[in-house]
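Atom set for the values below is all heavy atoms of this structure, side chains included, hydrogens, waters and symmetry mates excluded. Counting begins at 1 with the first residue of the sequence.
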Amino acid sequence: MQILTPCVYWAQRHGEIYLRVELSDTKVKYSVFHLPTQGHGAKGDNEYKFSLEFLETIRPEIEHKSTQRQVDIKIKKQEERWWDRLTLQEKRPLFLAPDFNRWLDESDAEMELQAKEEEKINKISVESRVRKDPYLGLKKGYLFMYNLVQFLGFAWVFVNLTVRLFILGRDSFHDTFHTTADVMYFCQMMAVLEVINPLLGLVKTGFFPAMIQVAGRNVILFVIFGCLEEMQNKPVIFFVFYLWSTVEVFRYPFYMLACIGTEWKLLTWLRYSLWIPLYPLGVVAEAVAVIQSLPIFDETRLFSLPLPALLGHYLSFSYTLQLYLVLMFLGLFINFRYLYKQRRRRYRSRKRKVH
């Protein structure tokens, strides 16, 4: 196979040199600056080689990009200054020609450089005019500690339920409330801050989805489980608590790391994927708990509303819970739609960063 010389086109700026080699399907190897390649040129598949001795010194970092029709090479000058010519020899090599797609005269290059400098200065001045939040560190510290405390609380519930399940089996279902309720009370009371934080502008999450989730869980925990002793030994509590804690042991660490600008890809995937099956399952478990509590509220008349004698003795709280069941599944639809959009937005932004 004979060695040929390809056509090379060049242009320069004050700090860079651009070379365009007309070859396709190339395998490039170079040293500063001899460039042997194998590729397809005007005379077919051959080995191509050319050598340049530059007018002045260049930096060793060389960037190249191969396309289907050419090889683009970017070389940085050691000193940012305009060269009178490309090569040390005054006579231009026969294979070298100006690249008129990139070609600029010295005055045009100076104007381009000046425009870039002005754009950079304008950008810096705009950024300097943007008022920095003096309490940003305090806000991030508060959010970090909040998410850390919530993570520790739900992790304790998750580990406790898991260990008891392995040791006691199904017998652990009936004692779930008495062993974990205090910690769950604390976590759900703390969760009220998730409704307040968006109102204060501390987080960008929506107010209504947070309110729906927090209010719904607190009704189940404080009204259904907390007020009815007959419900506190039922196995459904285990499933409700276990599904809640499984979701939260991944959600809170994700937000905690976001406060310090850190991301773990596996944790991100778990946070945005696990809720897809677990969130509807949690709502179903909550609905089962509500249905099981209806006859108990009818029998005990707890929270019932007294009525005049003509209308009846009382209005059972179970009617309110039946309406709540409808609202619960409506809230599931709203929250699921919001979370799914958030997930899509997250992964779209990550794809843009990759590209």
Open item on the list: Evaluate L257 against W264 for side chain to side chain contact (heavy atoms under 4.5 Å, CB included), listing each step before the verdict.
Closed with: CA-CA 8 Å; L257 293 178; W264 294 347; 3.7 Å; yes
Task: Pair F297-L321, side chain to side chain contact (heavy atoms under 4.5 Å, CB included): steps then yes or no - done: CA-CA 10 Å; F297 278 108; L321 290 179; 3.4 Å; yes
TODO: Apply the test side chain to side chain donor-acceptor pair (under 3.5 Å) to residues Q150 and Y255: give CA-CA distance (whole Å), side-chain angles for both, the deciding distance (0.1 Å), then the verdict.
DONE: CA-CA 11 Å; Q150 288 288 72; Y255 288 131; over 6 Å; no
TODO: Before giving the answer on side chain to side chain contact (heavy atoms under 4.5 Å, CB included), spell out for F238 and K234 the whole-Å C-alpha distance, their side-chain angles and the decisive distance to 0.1 Å.
DONE: CA-CA 8 Å; F238 173 86; K234 291 188 178 291; over 6 Å; no
- [ ] Decide side chain to side chain contact (heavy atoms under 4.5 Å, CB included) for K265 and W269; before the verdict, give the C-alpha distance in whole Å, the side-chain angles of both, and the deciding distance to 0.1 Å.
- [x] CA-CA 6 Å; K265 290 184 179 180; W269 183 85; over 6 Å; no
TODO: Check the pair F241, F158 against ring pair (Phe, Tyr, Trp, His ring centres under 6.0 Å), reporting the backbone distance first and the verdict last.
DONE: CA-CA 8 Å; F241 282 11; F158 177 81; over 10 Å; no
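Looking at every heavy atom in both residues, L52 comes nearest to L86 through CD1-CD2, 4.3 Å. The two residues M211 and V195 have their closest heavy-atom pair at CA-CG2, 3.8 Å. Across every non-hydrogen atom of Q213 and E248, the tightest pair is NE2-OE2, 3.6 Å. Of all non-hydrogen atoms in E80 and G15, the two that sit nearest each other are CG-CA, 3.8 Å. The minimum heavy-atom distance linking F95 with S51 is given by the pair CZ-O, 3.8 Å. Nearest heavy atoms, S304 versus S316: OG-CA, 3.6 Å.
A salt bridge is defined here as a Lys NZ or Arg NE, NH1 or NH2 lying under 4.0 Å from an Asp or Glu carboxylate O, and R20 with D99 meets this definition. For R164 and D171, the salt-bridge test fails: no basic side-chain N is under 4.0 Å from an acidic carboxylate O.
Between E22 and P6 the shortest side-chain heavy-atom distance does not fall below 4.5 Å. Contact check for V247 versus L274: no side-chain heavy atoms found under the 4.5 Å cut-off. Contact of the P198 side chain with the E194 side chain is not registered, since no non-hydrogen atoms from C-beta on lie closer than 4.5 Å. Proximity of P253 to L267: side-chain heavy atoms (C-beta onward) are separated by under 4.5 Å at one or more points. Looking only at side-chain heavy atoms (C-beta outward), R85 and R92 stay at 4.5 Å or farther from each other.
A centroid separation of less than 6.0 Å is found between the aromatic rings of F173 and F239. Ring to ring, F317 and F303 are close: their centroids are under 6.0 angstrom apart.
Annotation for I260: atom CD1 counts as buried by contact number, over 12 foreign heavy atoms lying within 6.0 Å. Heavy atoms from other residues, nucleotides or ligands lying under 6.0 Å from CD of E230 number more than 12. Around CE of M145, the count of heavy atoms belonging to other residues, nucleotides or ligands within 6.0 Å does not exceed 12. Remark: K76 NZ is loosely packed, at most 12 non-hydrogen atoms of other residues, nucleotides or ligands lying under 6.0 Å away.
W82 and L55 fall into different hydrophobic clusters, where Ile, Leu, Val, Met, Phe, Trp and Tyr side chains are chained together by heavy-atom contacts under 4.5 Å. Both F254 and F250 belong to a single network of hydrophobic side chains, linked directly or stepwise wherever heavy atoms of I, L, V, M, F, W or Y lie under 4.5 Å apart. Both V192 and F208 belong to a single network of hydrophobic side chains, linked directly or stepwise wherever heavy atoms of I, L, V, M, F, W or Y lie under 4.5 Å apart. Cluster annotation: Y9 and F50 are assigned to distinct hydrophobic clusters (Ile/Leu/Val/Met/Phe/Trp/Tyr, side-chain heavy-atom contacts under 4.5 Å, transitive). Put simply, V223 and V326 are part of two different groups of oily side chains (I, L, V, M, F, W, Y) that touch within less than 4.5 Å, one to the next.
Note: W83 and F54 have tilted aromatic rings, judged against thresholds of 30 and 60 degrees for the angle between ring planes. By the 30° and 60° cut-offs, the orientation of the rings of F222 relative to Y185 is parallel.
Of the possible donor and acceptor atoms, none in the side chain of E79 sits under 3.5 Å from a partner among the backbone N and O of R81. Formation of a donor-acceptor pair under 3.5 Å by the Q232 side chain with backbone atoms of F225 is found in this model.
With sequence neighbours left out, the side chain to side chain contact (heavy atoms under 4.5 Å, CB included) criterion links A287 to L325, M328, F329. Y324 meets the side chain to side chain donor-acceptor pair (under 3.5 Å) test with no other residue; sequence neighbours excluded.
Between E263 and T268, the side chains place a donor N or O and an acceptor N or O closer than 3.5 Å (distance only, hydrogens not considered). Residues N197 and Y142 have side chains that bring a donor and an acceptor to within less than 3.5 angstrom of each other. Between the side chains of T176 and Y242, not a single donor N or O lies within less than 3.5 Å of an accepting N or O.
Taking NZ of K49 as the reference point, atom CG of L4 lies at 12.5 Å (rounded to 0.5 Å). How far OG1 of T246 is from CZ of R251: 13.0 Å, rounded to the nearest 0.5 Å. Here the CD atom belonging to E53 is positioned 4.5 Å from the CG atom belonging to L88, to the nearest 0.5 angstrom. Interatomic distance, T179 OG1 to H174 NE2, rounded to the nearest 0.5 Å: 12.5 Å. Interatomic distance, OH of Y146 versus CG of L202, reported as 11.5 Å (0.5 Å rounding). Between the CG atom in L199 and the CG atom in L193 there is a gap of 11.5 Å [rounded to 0.5 Å].
Partner K77 forms a side chain to side chain donor-acceptor pair (under 3.5 Å) with one of H14, E56, Q12 and no other, that one being Q12. Of the candidates V8, L19, V21, V21 is the only one forming a side-chain contact (heavy atoms from CB on, under 4.5 Å) with V71.
Applying the salt bridge (Lys or Arg N to Asp or Glu O under 4.0 Å) definition to pairs two or more places apart or across chains, none involves residues 280-303.
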